Protein chains: 2
Amino acid sequence: MASIPDLLFKALADPTRRALFERLCLDGEATVGALTAGAGISQPAVSKHLGILKQAGLVRDRHEGRQTHYSAQQRALAPLVDWTGRMNRFWEARFDDLEDLLKRMDQ
Amino acid sequence: MASIPDLLFKALADPTRRALFERLCLDGEATVGALTAGAGISQPAVSKHLGILKQAGLVRDRHEGRQTHYSAQQRALAPLVDWTGRMNRFWEARFDDLEDLLKRMDQ
DNA sequence: ATTTCTCATAACCACCGAGTTATGAATGTG
DNA sequence: CACATTCATAACTCGGTGGTTATGAGAAAT
């Protein structure tokens, strides 16, 4: 019973995988061959990484002829953003209070 | 040469470690003993996890007598927020454009 | 039909990492 | 001083994971 944030964090914990995702985010769609050329590892390794990214929902694949095009699904990052938000809320609130205090002291 | 995002993602990839960090974020400071009572693992395991969180900057320790108090350093999440922001910028921009369009259509 | 190209899967290996128990260091308590 | 408590470190085990090579499946080209 792996939670969604768990899948996301685990998928993005590997630097090679993060690099693949970053490239797809910034440069858009790419084939496995193109991605393999960029990464410094073998094609099967890249395919496995893409499989893990796909399982985490971070990536979509589209088959066209004999090649597979992968693209980033940035929306999948939403739970990550939510999580960091929840972890930050409290000290942010405290920080806001401090700001308010300083603002009031300024008057 | 592990980058900062790498340290953060790796530190938060483990569910036990994330649970420890979450508890420290929500409930504030706690001793190793208290954290060990909550987690379902041995005290040395908890200490090791806290060490990794500390190395990632996510946690601070304060020695008081013979016990060590740990507290969350939520600011350390900043690089994570930045990273997700960079990965999101493009489709967010597109989303903003869409919002603008809808807003203009509404008038 | 045969060959070539692109990708995915299988099988295997080496290492890392999360857990354990044992022990030591430091601080409080009798 | 002797003992107990709290935490960190050491040494070890074991499963998961990232890499490899080998191979197969499917689509295009000749």
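Proteins come first, then strands; the chains are lettered A, B, ... in the order of their sequence lines, and each starts at number 1. Every value quoted in this text rests on a predicted model; they were computed, and no experiment measured them.
Summarising the geometry, the separation between CG on B:D61 and P on D:dT6 is reported as 18 Å, rounded to the nearest angstrom. Nucleotide D:dG18 holds its P atom 10 Å from the CD1 atom of A:I41, rounded to whole Å. Residue A:L12 contributes atom CG, which lies 16 Å from atom C1' of D:dG18 at whole-angstrom precision. As a whole-Å value, the separation of A:Q55 CD from C:dA8 C1' is 15 Å. Rounded to whole Å, atom P of C:dA18 lies 15 Å from atom CZ of A:F9. Following rounding to the nearest Å, A:L53 (CG) and C:dC7 (C1') show an atom-to-atom distance of 16 Å. Per the geometry, CD1 belonging to A:I52 stands 8 Å off C1' belonging to D:dT17, to the nearest Å. Taking atom CG of residue B:D14 and atom C1' of nucleotide D:dT17, one finds them 14 Å apart after rounding to whole Å.
Ring orientation note: the planes of B:W83 and B:F9 are nearly perpendicular, at an angle over 60° on the 30°/60° scale.
In summary, of the residues considered (B:D6, B:L7, B:D14), a side-chain contact (heavy atoms from CB on, under 4.5 Å) with B:K10 occurs for B:D6 alone.
The environment of A:I52 atom CD1 is dense: over 12 non-hydrogen atoms of other residues, nucleotides or ligands sit within 6.0 angstrom.
Distances from the side chain of B:Y70 to the nucleotides C:dC7, D:dA8, D:dT20 place D:dA8 closest. Nearest nucleotide to the B:H49 side chain, out of C:dG19, D:dC7, D:dG18: C:dG19. Relative to the side chain of B:T68, the nucleotides D:dC7, C:dA18, D:dT20 differ in distance, and D:dC7 lies closest. Comparing C:dT20, C:dT9, D:dC7 by their closest approach to the side chain of A:P44 singles out C:dT9. Nearest nucleotide to the A:T31 side chain, out of D:dG18, C:dC7, D:dC7: C:dC7.
Connection of A:V81 to B:L80 is not established within any shared hydrophobic cluster, with ILVMFWY side chains joined at heavy-atom distances below 4.5 Å, either directly or through further cluster members.
For the pair A:R17 and D:dG18, the criterion of a side-chain N or O lying under 4.0 Å from OP1 or OP2 is met. The phosphate of D:dT20 (OP1 or OP2) has a side-chain N or O of A:S42 nearer than 4.0 angstrom. For the OP1/OP2 pair of C:dG19 and a distance below 4.0 Å, the side-chain nitrogens and oxygens of B:T16 include at least one atom meeting the criterion.
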- Task: Summarise how protein sits on nucleotides 11-16 of chain D as a single string, 5' to 3': B when a protein heavy atom is under 4.0 Å from the base, S for sugar-phosphate-only contact, - for no contact.
- Result: ------
- Given side-chain contact (heavy atoms from CB on, under 4.5 Å), test B:L12 with B:L77 step by step and report yes or no. CA-CA 10 Å; B:L12 295 172; B:L77 292 174; 4.1 Å; yes
- Message: Applying side-chain contact (heavy atoms from CB on, under 4.5 Å) to A:V59 and A:Q73, what does each step give before you reach the verdict?
- Response: CA-CA 5 Å; A:V59 137; A:Q73 287 281 100; 5.8 Å; no
- Are A:H69 and A:R60 close enough, and set up right, to give a side-chain contact (heavy atoms from CB on, under 4.5 Å), and what steps lead you there? CA-CA 8 Å; A:H69 298 257; A:R60 261 178 53 81; over 6 Å; no
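Under 3.5 Å, the side chain of A:R66 and the base of C:dT6 form no donor-acceptor pair of N or O atoms. Not a single donor-acceptor pair, N or O on each side, falls under 3.5 Å between the base of D:dA27 and the side chain of A:Q67.
The residues B:R86 and A:E22 are annotated as not salt-bridged, no charged nitrogen and carboxylate oxygen being separated by less than 4.0 angstrom.
Judged by closest nucleotide on DNA chain C, B:K10 is the one of B:K10 and B:G65 placed further toward the 5' end.
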